[in-house]
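Below, each value reflects all heavy atoms present in this structure, side chains not excepted, and no hydrogens, waters or symmetry copies.
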Amino acid sequence: NVFGPGEYHKKEMQSMVRRGYLQVLDSGKIRLFKSYNPNYADGQQERDFLYVKDAVEMTLFFLENSNIGGIFNAGTGVARTWNDLSKAVFTAMGREIAVEYIDMPLSIRDQFQYRTCAKIDKIRNAGYSKPITSLEDAIIDYIQNYLYANKRLGW
């Protein structure tokens, strides 16, 4: 198991937080892909990590405001690193940080995106004003209130 994008061959889709959580339980460490871009150190690849609860809230905004239409990005508007996400997993679990950087499969190296970040000004300008959960708070909530309890969101 690698904690990062590109595991499309896996039979079960799961959140990257859950995957990291299981890796920590199994081995005490999280495995991240090495960087092959000189502009990004290992684990410093960036993503706009959005908590599913916030994605639901954004979706419900449009249900409640049916007069608003178009294509909108759902995200936090803030790019964070895989190292940030890993640190938050270890912190939520009360464990020491232990990250192993492994080779990225050749099959995805050329397509790998080193930075993604949603532009959310359009949804904000449309009237969506709810705060968006921070990466750290989302991971603490998910791990401590769902994964530890073996619950799923909505249950």
Side-chain angles (χ1 to χ4, degrees), residues 1-25 30-33 35 37 39-95 97 99 104-105 108-155:
N1 273 345
V2 175
F3 192 54
E7 288 202 47
Y8 304 112
H9 62 279
K10 292 288 181 193
K11 292 180 182 175
E12 177 188 343
M13 293 298 294
Q14 58 183 310
S15 76
M16 303 316 289
V17 174
R18 181 174 184 271
R19 185 169 300 179
Y21 167 82
L22 294 174
Q23 286 182 14
V24 172
L25 289 180
I30 288 176
R31 298 169 72 199
L32 295 175
F33 290 142
S35 174
N37 180 326
N39 297 318
Y40 294 87
D42 292 342
Q44 292 301 111
Q45 306 93 322
E46 297 174 311
R47 293 288 180 273
D48 186 341
F49 298 106
L50 180 66
Y51 194 21
V52 68
K53 288 182 176 183
D54 292 313
V56 168
E57 287 296 325
M58 290 177 179
T59 303
L60 291 175
F61 169 77
F62 292 106
L63 181 64
E64 296 163 0
N65 296 278
S66 59
N67 59 316
I68 301 173
I71 298 173
F72 293 81
N73 290 327
T76 66
V78 178
R80 300 290 302 272
T81 69
W82 288 104
N83 284 332
D84 292 339
L85 189 141
S86 297
K87 179 181 177 187
V89 169
F90 284 107
T91 299
M93 296 178 72
R95 303 274 188 107
I97 298 170
V99 176
M104 185 183 300
I108 65 168
R109 274 188 205 170
D110 291 340
Q111 302 95 302
F112 186 81
Q113 292 180 298
Y114 280 82
R115 185 178 195 282
T116 63
C117 186
K119 293 181 182 177
I120 62 168
D121 55 323
K122 186 175 176 182
I123 193 170
R124 289 294 195 196
N125 291 335
Y128 184 79
S129 60
K130 291 188 177 182
I132 299 171
T133 311
S134 72
L135 176 67
E136 290 78 8
D137 288 346
I139 291 173
I140 286 170
D141 180 54
Y142 184 49
I143 287 176
Q144 294 181 1
N145 296 317
Y146 296 93
L147 294 178
Y148 279 159
N150 199 26
K151 291 173 39 181
R152 294 181 188 220
L153 291 172
W155 286 13

[X] and [Y]: which non-hydrogen atoms are nearest, and at how many Å?
| X | Y | answer |
| --- | --- | --- |
| Ile120 | Ile132 | CD1-CD1, 3.8 Å |
| Gly43 | Leu32 | CA-CD1, 4.1 Å |
| Gln14 | Leu22 | OE1-CD1, 3.6 Å |
| Thr116 | Arg47 | OG1-CD, 3.2 Å |
| Glu46 | Ala79 | CB-CB, 3.9 Å |
| Ser86 | Ile30 | OG-CG2, 3.7 Å |

Is the backbone of [Y] close enough, under 3.5 Å, to the side chain of [X] for a donor and an acceptor to pair up by distance?
| X | Y | result |
| --- | --- | --- |
| Lys130 | Asp54 | no |
| Asn37 | Gln113 | no |
| Asp48 | Ala118 | yes |
| Asn65 | Phe61 | yes |
| Gln23 | Arg31 | yes |

Hey, does [Y] have a side-chain heavy atom less than 4.5 Å from the side chain of [X]?
| X | Y | result |
| --- | --- | --- |
| Ile139 | Leu85 | yes |
| Lys53 | Thr133 | no |
| Phe62 | Phe72 | yes |
| Leu147 | Arg18 | yes |
| Tyr128 | Glu57 | yes |

Gap separating the [atom1] atom of [X] from the [atom2] atom of [Y], nearest 0.5 angstrom:
| X | Y | atom1 | atom2 | value |
| --- | --- | --- | --- | --- |
| Glu64 | Thr59 | CD | OG1 | 11.0 Å |
| Leu50 | Met58 | CG | CE | 5.5 Å |
| Lys151 | Tyr146 | NZ | OH | 5.5 Å |
| Tyr148 | Leu25 | OH | CG | 7.5 Å |
| Gln44 | Thr81 | CD | OG1 | 4.5 Å |

Checklist entry - Checking side chain to side chain donor-acceptor pair (under 3.5 Å) against Arg80, which of Thr76, Asp84, Asn83 comes through? => result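 In the set Thr76, Asp84, Asn83, the residue that makes a side chain to side chain donor-acceptor pair (under 3.5 Å) with Arg80 is Asp84.
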Checklist entry - Only one of Trp82, Phe33, Phe112, Tyr114 forms a ring pair (Phe, Tyr, Trp, His ring centres under 6.0 Å) with Tyr40, so which one is it? => result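 Going through the options one by one, the only one that passes is Tyr114.
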Item to check | Over 12 non-hydrogen atoms of neighbours within 6.0 angstrom of NZ in Lys119 | outcome: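 12 or below, so no.
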Item to check | Audit row: Val17, Val89, side chain to side chain contact (heavy atoms under 4.5 Å, CB included) steps and yes/no | outcome: CA-CA 7 Å; Val17 174; Val89 169; 4.2 Å; yes
Checklist entry - Is the closest side-chain donor-acceptor distance between Asp141 and Asn145 under 3.5 Å? => result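 Asp141 vs Asn145: donor-acceptor pair found between side chains.
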